[in-house]
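Every number for a ligand or one of its atoms is a count from 1 in the order of the listing. Residue numbers count from 1 along this sequence.
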Amino acid sequence: MSRKKIIAGNWKMNMTPSEAVKLVEELKPLVNNPDVDVVYCVPAIDIIPVVEAVKGSNVEVGAENVYFEEKGAFTGEISTAMLKDAGVKYVIIGHSERRDYFKEDDALLNKKVKKVIEAGLTPILCCGETLEQRETGVTMDFIRLQIKSDLVGVSADQVKNMVIAYEPIWAIGTGKTATTEQAEEVCKGIRDCIAEIYDAATAEAVRIQYGGSVNAGNAAELFAQPDIDGGLVGGASLKADFGKIVNYK
Ligand code: PEP
């Protein structure tokens with residue numbers, strides 16, 4: 001079975017709405033690749049202008065976060081209905097920055113994953129180990145725990161349509177990429193874990209990205225691995241290099 005690659009930019013807390021529109025225009029001629037799903041995950045305030053700006057292109061828009069409640073007195077939060085109405089298709093859930101700085105735990109992330117799926121949006125569920133965990137040899141144990149906890153109550157059919165991003169924390173924004181072997185080993189481990197929880201068909205279908213200092217120079221080798229179905233890209237998604245990553249072949 002061949003899974004379509006998905007390459008998503010995570011813009012983080014960068015780009016004002018007008019800067020965001022300018023970046024979309026600059027990238028437009030560079031990110032045209034029908035063999036790849038291309039997504040810009042942008043700050044909430046940029047969603048509406050970016051959705052407008054990508055119209056007529058191959059790019060879909062994602063959010064960087066969401067709240068799990070339907071609506072109501074949750075000052076400052078954004079619901080799945082709001083994202084959907086604005087034209088969003090994907091939502092990043094459980095990025096390590098949210099787990100670390102905003103203390104989002106697996107119980108909360110599980111609620112978010114379920115709400116996003118229920119709304120008809122696609123979660124990009126992030127997981128990944130710290131350097132200390134890697135050095136003590138518990139990488140796969142930790143990631144299996146994250147995946148199992150975050151997917152409680154999610155069905156096989158729902159998992160088939162979602163995206164999982166393996167992002168070793170020590171490789172995010174550090175310029176330190178995991179080696180191709182390390183990235184493939186963990187992405188395969190995640191797929192094996194999905195096969196154990198669900199079945200082989202679900203594991204074959206789910207798309208697993210690598211993220212962590214992906215750039216124009218390393219994308220081709222990473223994305224050629226059998227269990228790496230594309231990338232979640234931070235820093236390099238804010239420049240013309242993103243076009244080279246999308247056209248990595
Ligand atoms: C990220 O934050 O998801 C990420 C992978 O960042 P970078 O590519 O900058 O390491």
Output yes when the distance from some N or O of ligand 1 to some N or O of V233 is under 3.5 Å, and no in every other case.
no
Ranked by distance from atom 2 (O) of ligand 1, the top protein heavy atom is K12 NZ, 2.5 Å
Going by side chain to side chain contact (heavy atoms under 4.5 Å, CB included), F223 matches just one of T180, I228, N218, D229. Which one?
I228
Going by the order shown, which atoms of ligand 1 are within less than 4.0 Å of some heavy atom of G235?
7 (P), 8 (O), 9 (O)
For atom 1 (C) of ligand 1, grab the closest protein heavy atom and report residue, atom and distance to one decimal in Å.
H95 NE2, 3.2 Å
For atom 3 (O) of ligand 1, the closest protein heavy atom turns out to be E167 OE2, 2.7 Å
Are side-chain heavy atoms of Q209 and I6 found at a separation under 4.5 Å?
yes
Atom of F142, atom of E129 and distance for their closest heavy-atom approach
CD2-CA, 4.1 Å
Check: G211 N/O within less than 3.5 Å of ligand 1 N/O
no
Enumerated ligand 1 atoms positioned under 4.0 Å from heavy atoms of G212
5 (C), 10 (O)
Going by the atom numbers of ligand 1, which of them fall below 4.0 Å from some non-hydrogen atom of N10?
1 (C), 2 (O), 3 (O)
For E104 versus L109, what's the shortest heavy-atom pair and its separation?
OE1-CD2, 3.2 Å
Answer with yes or no whether S213 contacts ligand 1, where contact means a heavy atom under 4.0 Å from a ligand atom.
yes
Do ligand 1 and T174 have nitrogen or oxygen atoms that lie under 3.5 Å from each other?
no
For K12, does the NZ atom have more than 12 heavy-atom neighbours from other residues, nucleotides or ligands under 6.0 Å away?
yes
I'd like to check which ligand 1 atoms, numbered from 1 as shown, lie under 4.0 Å from a non-hydrogen atom of G173.
7 (P), 9 (O), 10 (O)
Within the structure, does I172 bring an N/O atom to less than 3.5 angstrom of an N/O atom in ligand 1?
no
Please confirm whether A171 comes under 4.0 Å of ligand 1, counting heavy atoms of the residue only.
yes
Are there more than 12 heavy atoms of other residues, nucleotides or ligands under 6.0 Å from atom CD1 of I48?
no
For a side-chain hydrogen bond (donor to acceptor under 3.5 Å, both in side chains) with D106, tell me which candidate from R99, Q146, K148 qualifies.
R99
With side chains defined as the heavy atoms from C-beta onward, is the minimum distance between V91 and T122 less than 4.5 Å?
no
Counting only heavy atoms from other residues, nucleotides and ligands, does the tally under 6.0 Å from CD of E221 exceed 12?
no
